[in-house]
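Taking it in order: structure first as structure tokens, then the write-up.
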Protein chains: 2
Amino acid sequence: MNPARRIRDEIAGAIRSGEWRPGDRVPTEQELAARYGCARATVSKALGELAASGLVERRRKAGTFVAQPPVHSAVMTVPDLAELIAARGEAYRWTLLSVEHEAEGEDNCPGPALRIDGVHMAGGEPFALERRFIALGEVPEAMGADFATEAPGTWLLGHIPWTQARHVIRAVTPTRREAAALSTGAGAACLELDRTTWRAGRVVTHVRQLFRGDRFDLVAEFNAGP
Amino acid sequence: MNPARRIRDEIAGAIRSGEWRPGDRVPTEQELAARYGCARATVSKALGELAASGLVERRRKAGTFVAQPPVHSAVMTVPDLAELIAARGEAYRWTLLSVEHEAEGEDNCPGPALRIDGVHMAGGEPFALERRFIALGEVPEAMGADFATEAPGTWLLGHIPWTQARHVIRAVTPTRREAAALSTGAGAACLELDRTTWRAGRVVTHVRQLFRGDRFDLVAEFNAGP
DNA sequence: CAGTGGTCTAGACCACGCA
DNA sequence: GCGTGGTCTAGACCACTGG
């Protein structure tokens with residue numbers, strides 16, 4: 001076994017099992033190097049990975065300590081709708097409702113923009129409503145795209161990879177129009193996913209997706225450490 | 001500037017700006033070492049960090065490549081309710097409704113368990129309903145805890161740090177009882193957060209929290225790279 | 001089988017922050 | 001000051017895997 005991996009996993013195990021408690025001091029790099037019979041750089045790499053994953057905190061002069069558990073963050077999977085629906089064994093289809101050219105998009109997507117409305121369908125049934133703004137200042141080629149055949153999210157993935165994004169998740173009661181478009185009851189709870197996407201600090205697109213509460217949920221995993 | 005940091009940031013910038021596209025080949029460690037005038041180990045560290053953050057993919061013999069953008073994952077903040085409410089400037093209070101000792105908890109928390117029901121209050125108003133199971137096989141000391149004065153989540157944090165967790169987020173319509181307990185309309189959408197928590201592979205606790213849709217939303221950030 | 005990343009070593013110097 | 005982590009070097013060997 002890798003010395004670095006072994007050191008990392010043994011320390012991670014001691015922390016996760018509760019043997020080492022938050023605030024406990026981890027042995028110094030020199031002590032660990034002596035104990036494991038390896039170079040200090042190897043120990044440094046192992047501790048660096050543990051620090052990067054949040055299991056320990058390192059302070060100069062003071063030493064390395066077991067960190068306080070950050071129970072509050074988790075990695076959430078925001079699925080690609082086409083993939084998600086295909087994985088369920090249902091047929092996916094995108095239905096375009098409208099494309100409008102606007103001089104001023106909205107708060108979350110300023111400047112000239114396209115406003116695209118459509119529906120994601122699963123097995124012939126509406127699955128999610130989508131309203132999207134695409135900043136034409138950032139993605140002028142969106143003017144020439146055909147959003148009737150390809151969902152705008154899919155098109156954007158091919159043209160603007162490597163973005164940063166912010167998601168806001170809410171539970172909302174749909175309007176009558178929305179409920180009708182989703183073929184759901186007027187009072188049925190829906191999950192709203194708002195995503196704003198940047199590239200190099202500038203908004204590329206903003207999308208609001210509305211899901212039937214009885215057909216969609218999000219899953220997030222929290223796994224501290226390597 | 002750190003050579004390693006500089007290499008890392010310049011490559012990350014080239015990827016995020018779109019200059020280097022997914023699938024593009026990154027120069028070899030030797031080429032980068034020569035270009036930046038540093039040791040190969042330094043380049044290796046920088047590329048390793050980029051790989052750890054998902055910006056590049058490394059394959060032996062083949063080389064290092066710009067990865068496909070994983071638009072589907074984001075880091076979600078699952079707030080500590082007491083902190084969240086305090087940050088809003090409202091008074092936080094936990095109200096215990098009941099504690100039951102059960103021989104068999106439920107699917108998500110098997111074996112003997114405590115079942116605890118209660119309400120998280122913000123500024124005198126109900127903010128979230130909570131039903132929690134605590135596995136007594138894993139946390140026998142929970143029998144002696146006073147869940148009237150301390151919310152079970154807070155108590156657990158002090159006794160079982162460093163767990164792994166899985167969250168499921170849904171939009172639901174509350175039952176009449178739940179709506180009444182939350183002081184909200186019978187048809188108002190609510191956000192449900194289900195969290196199952198493990199330690200060393202065994203379930204420690206399972207909690208279902210129900211929030212008023214008009215008073216709570218979740219935020220997730222996606223920021224690939226360092 | 002050759003080139004790439006993966007890992008490790010032994011040593012060095014620096015920066016920081018507590019005493 | 002002085003001990004800690006932070007970083008870097010030059011070199012080495014290994015493991016994998018694509019051509």
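Computation of the quantities below employed the complete heavy-atom set of this structure, encompassing side-chain atoms and omitting hydrogens, waters and symmetry-equivalent molecules. Order of the sequence lines fixes the chain letters, A, B, ..., with proteins taken first and strands second; residue numbering starts at 1 for each chain.
Within the 4.5 Å cutoff, the side chain of B/L191 has heavy atoms near those of the B/I169 side chain. The side-chain heavy atoms of B/R131 and B/I116, taken from C-beta on, include no pair separated by under 4.5 Å.
Not a single donor-acceptor pair under 3.5 Å links the side chain of A/W20 to the backbone N or O of A/R25. Remark: side-chain polar atoms of A/D24 are paired, donor with acceptor, to backbone N or O of A/R21 under 3.5 angstrom. Side-chain atoms of B/T205 come within 3.5 Å of backbone atoms of B/F133 as a donor-acceptor pair (strictly under, hydrogens ignored). Checked by atom type and distance alone, the side chain of A/S17 pairs as donor or acceptor with a backbone atom of A/G13 at under 3.5 Å. Panel note: side chain B/W162, backbone A/L55; no donor-acceptor pair is recorded below 3.5 Å.
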Original post:
Dot-bracket for DNA chain C, 5' to 3', counting Watson-Crick or G-U wobble pairs under 3.5 Å, with [ ] for crossing pairs and | for inter-strand pairs?
Top reply: ||||||||||||||||||.
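Here B/E31 does not pair with B/R35 in a salt bridge; the nearest charged N to carboxylate O distance is not below 4.0 Å.
Heavy-atom distances under 4.0 Å link DNA chain C to B/R25, B/T28, B/E29 of residues 25-33 of chain B, given in residue order.
Distance, B/E57 CD to D/dT17 C1': 14 Å, rounded to whole Å. As rounded to whole Å, 19 Å separates atom P of D/dG5 from atom NZ of A/K45. Distance, A/R5 CZ to D/dA15 P: 14 Å, rounded to whole Å. The interatomic distance linking B/R6 (CZ) with D/dT7 (C1') rounds to 16 Å, in whole Å. The CG-P distance, from A/L50 to D/dG5, rounds to 13 Å in whole Å. Taking atom CZ on A/R58 and atom C1' on D/dT7, their separation rounds to 12 Å, with Å as the unit. Atoms CZ (B/R8) and P (D/dC8) sit 10 Å apart, rounded to a whole Å. For A/F65 and D/dT4, the CZ to P distance is 11 Å, given to the nearest whole Å.
Judged by a 6.0 Å distance limit and a 45° cone about the ring axis, B/R212 is not positioned over the six-membered ring of B/F127.
Contact between A/F211 and A/L81 at its shortest, heavy atoms only, is CE2-CD2, 3.6 Å.
Atom CD of A/E10 is surrounded by more than 12 heavy atoms from other residues, nucleotides or ligands within 6.0 Å.
Heavy atoms of B/T64 sit under 4.0 angstrom from primed sugar atoms or phosphate atoms, though from no base atom.
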Original post:
What is the per-nucleotide protein-contact pattern of nucleotides 9-19 of chain C, from the 5' end, where B denotes a base atom under 4.0 Å from a protein heavy atom, S denotes such proximity for sugar-phosphate atoms only, and - denotes neither?
Top reply: B--BB-BSB--
